[in-house]
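Written below as structure tokens is the structure these notes are about.
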Amino acid sequence: MAKVKKQRDYFDSVHIWGRVWSIGALLVLFSMPVAISVYYNAWPQANLLFTALLKLIPLYWATSIIEVVTFTPMLGAGGAYLSFVTGNITNLKLPCALSAMEQAKVKSNSEEGEIISTIAVASSAITTTVIIAVGVILFSPVLDDLRNSEALKPAFSYVSAALFGALGASYLRKHWKISIFPVFVGIVVLLIAPTFGVSTLLFVTIVAAVAGTLVLNKLKLVK
Amino acid sequence: MFDFADFKESPLMLGLAALIIGFVVIESLFFMVKAWRRGKEIGMTTEQLKNTVVSSALFSVAPAVSILATVVVLASALGIVLPWIRLSVVGNLLYETTAAETMLDVLGSNINTEVTNETDFAAIAWVMTIGICFGLVIVTLLGKFIIKKVTKATTKSEKGSGLADAISASAFIGIISAFVAQSINGKSSDGSSDAGFMSIVTLISAIVIYLIFEALCQKLKLKKLELFATPLSIFGAMAVAVLLNMYLPETITSFTWWG
């Protein structure tokens, strides 16, 4: 009885502290654009902001809901609060927590899983923060040279291709059935309207990807 | 080291970076200590907990290098401090790049061109922040409820969670598809990076390097090295672009579909 009560106390305390830190994180997060605008007296035009946000928010916020619902139970309470503050969940925190739980042979819905997941996400966040900080300090003195070098110009001109080729390779390989259609739709749209901005194109390809997945699921080609 | 005269690397920006990064590290330590103490209380061994710290830190090295690559890449337009901040708290590779690209697109620019105006810079910071904050808001408001309810639901319906996984993956694929299509036949607003020979070769190089590296790791049973596949293929493809530009005739390297 006392053991169950202690367990409940721990979980309740994680939820309370998780909320406190998350509210703190939101304040810290918004301090950046507020400080930039106030300090430089640089207030962007609302219509430009809305135009960009209208393109991003439906996608980002809908994905956020899916991520919270999908990842939170896998990460446990402490791991989830920490992951949603420290970011890079799909490409780092979630695989890291799952790998740590597998290595420790604990289940994600057990108290041991909760402990291991929290420690894994915390270690990962600290490691990542330190590596990025050290990297930034090392790179910043040579950044201008890198940017202005004629020889390196092509590397930076086609960086989107390199970045999304690399990020996409594993997704496209694992989910090739649902990848063909949105890429094809994107190419066709650009053939018709080549100057279509990437932000608008995103909508078209995401709708194509989700619709394609649902159709393939109906046809039992994707589970 | 930093160019303080450049508003993108000013003491204000560095102060904000210190505040935000400090917050993340202190929160991580707070939860780690809390979980560690509880782990000891319920009989977990110090070795088990230590192993988790070490293996998770090692696991994070390669993805962190990949995130650093994105910081450096975004730095050509935004300076190094803003991407550093955004990728250290809440953000992620794909979202931050997309948010920056979207705002730059609305401003009539792109990620390959340096932002030289404070108001445009502020606009990008606002869009990146507002776009990404919603997940954190939902976890704060509904985290406890979701953990209780969804755990039950997902364990009940394996089939439903399979489709949810596919739809979640398809949203990411939709994002990637847009950029892939743009690298194949897109046209940039200022003509500086129109699709053509170089963009397609760079894209294909990144994919091929990734797949070869992954296959080699699997064949040689070096599964841990697979984590380096993403940063290696980003830098590898960028190197291919540089080499082709050096050694191929300009008529080939400057070929684009849009003349």
Side-chain angles (χ1 to χ4, degrees), chain A residues 15 21-22 28 32-33 36-37 40 42 44 51-52 56 60-61 64 66 68 72-73 78 84 87-88 92 96 100 115 118-120 122-128 131 135-136 154-155 157-159 161-162 164-166 168-169 182-183 186-187 190 194 197 199 201-202 205-206 209-210 213 223, chain B residues 23 27-28 32 35 39 52-53 56-57 59-60 63-64 68 73 84 90-92 102-103 105-106 118-119 122-123 125-127 131 134-136 138-140 144 146 150-151 162 168 170 173-174 176-179 181 183 185 187 193 199 202-203 206-207 210 230 233-234 237-238 241-242 245:
Chain A
H15 282 296
W21 280 101
S22 298
V28 169
M32 182 192 56
I36 294 171
S37 287
Y40 293 111
T51 308
L56 289 171
Y60 279 21
W61 290 18
S64 293
I66 295 172
V68 172
T72 305
F84 279 91
N88 289 297
L92 177 54
C96 181
I115 306 284
T118 306
I119 293 176
S123 310
S124 173
I126 294 168
T127 309
T128 312
I131 288 177
V136 163
S157 292
Y158 299 103
V159 88
F164 286 97
V183 173
I187 291 172
L190 287 174
S199 48
L201 187 64
L202 275 174
T205 50
I206 288 166
V210 174
T213 304
K223 280 179 189 171
Chain B
F23 182 92
E27 181 182 355
S28 301
M32 189 192 276
T52 304
V53 173
S56 303
F59 185 98
S60 306
L68 177 63
V73 163
W84 176 21
V90 190
N92 78 35
T102 303
M103 192 64 232
D105 185 39
V106 170
E118 286 95 338
T119 311
W126 276 107
V127 164
F134 196 57
L136 188 54
I138 309 178
V139 169
T140 311
K144 192 173 180 179
I146 289 169
V150 180
T151 310
S168 179
S170 69
I173 287 165
I176 290 162
S177 302
F179 288 96
S183 300
N185 68 332
K187 183 169 168 50
S193 47
S199 65
T202 311
L203 176 77
I207 296 173
Y210 185 98
T230 305
S233 43
I234 294 173
M238 287 166 84
V242 170
N245 194 55

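Letters go in sequence order (proteins before strands), and every chain restarts at 1. Fair warning: this is a prediction, and the values are worked out from it, not measured in the lab. Side-chain atoms are counted along with the backbone in the values below, which use heavy atoms only and exclude waters and symmetry mates.
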Is there a side-chain contact between [X] and [Y] in this structure, where contact means two heavy atoms from C-beta onward sitting under 4.5 Å apart?
{"X": "A:F164", "Y": "B:S183", "value": "no"}
{"X": "A:P194", "Y": "B:N185", "value": "no"}
{"X": "A:S123", "Y": "B:S60", "value": "no"}

Closest approach of [X] to [Y] (non-hydrogen atoms, all atoms of both residues):
{"X": "A:H15", "Y": "B:K144", "value": "CE1-CA, 3.3 Å"}
{"X": "B:Y210", "Y": "A:A166", "value": "CD1-O, 3.7 Å"}
{"X": "B:S56", "Y": "A:C96", "value": "CB-SG, 3.6 Å"}
{"X": "B:A241", "Y": "A:P154", "value": "O-CB, 3.9 Å"}
{"X": "B:G131", "Y": "A:Y60", "value": "O-CD2, 3.2 Å"}
{"X": "A:Y158", "Y": "B:T202", "value": "O-CG2, 3.6 Å"}

Heavy-atom pairs under 4.5 Å with chain A, option from [options] with the top count:
{"options": "B:I234, B:L203, B:L136", "value": "B:L136"}
{"options": "B:V139, B:I138, B:N245", "value": "B:V139"}
{"options": "B:A122, B:G39, B:A35, B:S233", "value": "B:A35"}

_Quick check on B:T119 against chain A: is it the side chain, the backbone, both or neither that has a heavy atom closer than 4.5 Å?_
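Answer is both: backbone and side chain atoms of B:T119 are under 4.5 Å from chain A.
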
Could you have a look at [options] and say which one has the most heavy-atom pairs with chain B under 4.5 angstrom?
{"options": "A:I131, A:I206, A:L190, A:V68", "answer": "A:L190"}
{"options": "A:A122, A:A100, A:S37", "answer": "A:A122"}
{"options": "A:S124, A:G168, A:G186", "answer": "A:S124"}

*Side chain, backbone, both or neither: which part of A:L56 has a heavy atom under 4.5 Å from chain B?*
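Only the side chain of A:L56 comes within 4.5 Å of chain B.
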
*Out of A:T127, A:T128, A:I126, A:I119, which residue meets the side-chain contact (heavy atoms from CB on, under 4.5 Å) rule with B:S28?*
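The passing option is A:I126.
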
*If you round to the nearest 0.5 Å, how far is OG1 of A:T51 from CE of B:M103?*
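These two atoms lie 7.5 Å from each other.
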
